[in-house]
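Reading through the structure tokens given below for one structure.
Order of the sequence lines fixes the chain letters, A, B, ..., with proteins taken first and strands second; residue numbering starts at 1 for each chain.
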2 protein chains.
Amino acid sequence: MTEQSDRPYHHGDLRRAVIETALAMLHEEEGWQFTLREVARRAGVSHAAPYKHFPDKAALLAELALIGFDRLRETLLAALPASAASLRETFLPVARAYVAFGEANPALYRLMFGADAGKPSEVHLSERALSTFAILTDFLARGQEAGLIRERPVPGQAAACWAQLHGLTMLVIDGLLLPEKVGDDAVTAALTTLLEGIEA
Amino acid sequence: MTEQSDRPYHHGDLRRAVIETALAMLHEEEGWQFTLREVARRAGVSHAAPYKHFPDKAALLAELALIGFDRLRETLLAALPASAASLRETFLPVARAYVAFGEANPALYRLMFGADAGKPSEVHLSERALSTFAILTDFLARGQEAGLIRERPVPGQAAACWAQLHGLTMLVIDGLLLPEKVGDDAVTAALTTLLEGIEA
DNA sequence: ACCTGAACACCGTTCAAGT
DNA sequence: ACCTGAACACCGTTCAAGT
């Protein structure tokens, strides 16, 4: 649990340790305003050591965001039902998995969409973000072929779905969909509205 | 433009000056990571002076977010057409005004939904945020009465619309709806899908 | 009542020096 | 090749002291 004075001078796998420590801190706080020095402290190294593995803090944040998008992709793919039944039976599990991912990892989810915060140079990151979009695109294209989903240009339809899922997740994380204002299950209601906009 | 040495010891209306300087800095950058010391510098006062008007930086951010929600509300109300024609003619202008507000004020919009970042104590702020929700609720309720909008429980339907607009705005601000990936006008496509989910 | 200047405890980042 | 310790230029925040 705690590494004391007998810790070797060389950490061994500091890069991974920094990432895992940072991910752990993301789970403890609700925002991603942790400090690099604190990460180094908890990893048991000097505050300068992480700079041997990441050029700066932004690079670590970008790395964490990439991991987040990978995990989201895996979560969505795992939620896809094997058998294609009705649209509700195939789409709702995926949609709920998306929102649940954000609820379970609020700080990470925020970081994924806020780390660059206006730096359009993070090409890697937006490419990875678009893997989410690609999953939706595939899903909708297959649904249209099967006659379950209204025939519309797929990219725009996928953008609509992504926007709905992203907005819903953000509002949930922000605690803005209060039951007393918005009804008992705003998520279900919102997803139902989306369904009614895409079903054949 | 610049106030030099003949500036009086007492600013006069420092509170307003701090807010306006901060708003100006929000427009210059894409994120809201400005420093309080820089605000004070540009307002021509010492870095400690703002603390006489705001208990801390979070309080200033909350104030800016409140202003943002007020401006968004005014923008939406101004975009509401006087004559109620078809649903497309009444809803699309409001929806486009919402997204356009985010595009025109990316840092402010981000701040509005990210300033508290997990502090659920900011009751004032979430109350103000819900004024956006209230506008949508009124709009949908009137639309249902007029037979333009599908009859569904209004709070859930409003949550769906808010989520779609919020998610769309965030994705646009983040530069994630690239034309080459998502089509020429992803915003129109997404709003059309939403329309098809709520029209009678 | 409102503002300043010095001070405190922090950051992110760099770099010569250690192992 | 990898890590440390001191150092630099910053922050946010506080507080006695000035006007």
Checklist line | ring pair (Phe, Tyr, Trp, His ring centres under 6.0 Å) against Phe139(B), all qualifying residues, sequence neighbours excluded | finding: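 Once residues adjacent in sequence are excluded, the partners of Phe139(B) under the ring pair (Phe, Tyr, Trp, His ring centres under 6.0 Å) criterion are Phe91(B).
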Next item on the list: Would you mind reading off the distance between Asp13(B) atom CG and dC2(C) atom C1', rounded to a whole angstrom?
Entry: 12 Å
Next item on the list: Report the distance from atom NZ of Lys52(B) to atom C1' of dA16(D), rounded to the nearest whole Å.
Entry: 11 Å
Between protein and nucleotides 10-13 of chain D, what N or O pairs are separated by less than 3.5 Å?
unit_1	atom_1	unit_2	atom_2	d
dC11(D)	OP2	Arg41(B)	NH2	3.0
dG12(D)	OP1	Leu36(B)	N	2.9
dG12(D)	OP1	Lys57(B)	NZ	3.3
dG12(D)	OP2	Leu36(B)	N	3.2
dG12(D)	OP2	Arg37(B)	N	3.1
dG12(D)	N7	Arg37(B)	NH1	2.4
dG12(D)	O6	Arg37(B)	NH1	3.0
dT13(D)	OP2	Tyr51(B)	OH	2.7
dT13(D)	OP2	Lys57(B)	N	2.9
dT13(D)	O5'	Tyr51(B)	OH	3.2
dT13(D)	O4	Arg37(B)	NH1	3.2
dT13(D)	O4	His47(B)	NE2	3.4

Next item on the list: Take the angle between the ring planes of Trp162(B) and Phe133(B) and call it parallel below 30°, perpendicular above 60°, tilted in between.
Entry: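 Trp162(B) and Phe133(B): tilted rings.
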Item checked: Parallel, tilted or perpendicular: ring planes of Tyr109(B) versus His166(B), cut at 30 and 60 degrees -> tilted
Checklist line | Nearest non-hydrogen partners of Ala160(A) and Gln164(B), listed with the distance | finding: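 Reported closest heavy-atom pair: O-OE1, 3.2 Å.
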Next item on the list: Specify the closest pair of heavy atoms between Glu196(B) and Glu199(B), including all atoms of both residues, with the distance to one decimal.
Entry: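 The pair with the smallest heavy-atom distance is CA-OE2, 3.8 Å.
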Notebook entry, point to check: Should we say atom CG of Asp56(B) is surrounded by more than 12 heavy atoms from elsewhere, each under 6.0 Å from it?
Noted result: yes
Next item on the list: Please indicate whether Asp70(A) has more than 12 foreign heavy atoms, meaning atoms of other residues, nucleotides or ligands, lying under 6.0 Å from its CG.
Entry: yes
Notebook entry, point to check: Side chains of Arg96(B) and Thr188(B): donor-acceptor distance under 3.5 Å anywhere?
Noted result: yes
Next item on the list: Mind checking which stems touch DNA chain C? I mean at least 3 consecutive Watson-Crick or G-U pairs, both distances under 3.5 Å.
Entry: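 In DNA chain C, stems of three or more pairs: C:4-8 with D:12-16, C:12-16 with D:4-8.
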